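The structure presented is a predicted model; accordingly, all values stated were derived computationally and were not measured. For this chain, numbers begin at 1 and follow the sequence in order.
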Amino acid sequence: MCKILSRINDLAEHEGISIAVIERTIGASRGVISKAIKNGTDIQSKWLTLICDNFPKYSAEWLLTGSGDMLRSTKTQTSVANDSFSSKDNINSQHSNQSERIWSTNGVPLIPVHAMAGFL
């Protein structure tokens, strides 16, 4: 069996789930991974990427190479989560600043002329 597939098996055992659950989670057809494990063949890189995306507490380096710890450190997981939240917060703050600019004069919305869509 391919060493990566062996580590996918280890991931499933650690999660307490079957390979079929991993296949459903990543949107793969039934048997994509289980048949590869059975036949000792490779799987497409897109499935590995989706496993890494859907099981973020596991180290991608460990999954691909076998080196390092199976689980990401808590600090790494927190920074990944904070990065995604900070970008959402940044978008939200940009949106609220834009809204404040539009309603800046006595409650009358100030919008660009091209947004009037021929109203004038």
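- Here the CZ-CD1 distance, from Phe55 to Ile8, works out to 10.0 Å after rounding to the nearest 0.5 Å.
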| request: Apply side-chain contact (heavy atoms from CB on, under 4.5 Å) to the pair Ile51 and Ile33, showing each step before the final yes or no. | output: CA-CA 11 Å; Ile51 290 171; Ile33 297 173; 4.0 Å; yes
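- Residues forming a side chain to side chain contact (heavy atoms under 4.5 Å, CB included) with Ser29 (at least two apart in sequence, or on another chain): Val32.
- Here the CG-CD1 distance, from Leu48 to Ile26, works out to 8.0 Å after rounding to the nearest 0.5 Å.
- Here the straight-line distance linking atom OG1 of Thr25 with atom CG of Leu50 works out to 10.5 Å at 0.5 Å rounding.
- One N or O on the side chain of Arg7 and one on the backbone of Leu64 form a donor-acceptor pair closer than 3.5 Å.
- Distance alone, capped at 3.5 Å, places no donor-acceptor pair between the Arg72 side chain and the Ser59 backbone.
- From Leu63, atom CG reaches atom CE of Met70 across 9.5 Å, with rounding to the nearest 0.5 Å.
- Atom OG of Ser34 is separated from atom CD1 of Ile43 by 11.0 Å, given to the nearest 0.5 angstrom.
- Remark: Asp42 pairs with Cys2 by the side chain to side chain contact (heavy atoms under 4.5 Å, CB included) rule, at least two apart or across chains.
- Counting only distance, with no hydrogens or angles, the side chain of Glu61 and the backbone of Gly68 share no donor-acceptor pair below 3.5 Å.
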| request: Give the intermediate values and the outcome of side-chain contact (heavy atoms from CB on, under 4.5 Å) for residues Trp47 and Ile22. | output: CA-CA 10 Å; Trp47 303 126; Ile22 291 177; over 6 Å; no
| query | What do the steps show when you test Thr41 against Leu5 for side-chain contact (heavy atoms from CB on, under 4.5 Å), and what is the final call? | reply | CA-CA 9 Å; Thr41 57; Leu5 295 175; 5.7 Å; no
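- Listed by first and then second residue, the side-chain hydrogen bond (donor to acceptor under 3.5 Å, both in side chains) pairs that reach into residues 11-22 are His14-Tyr58, Glu15-Lys57, Glu15-Tyr58, sequence neighbours excluded.
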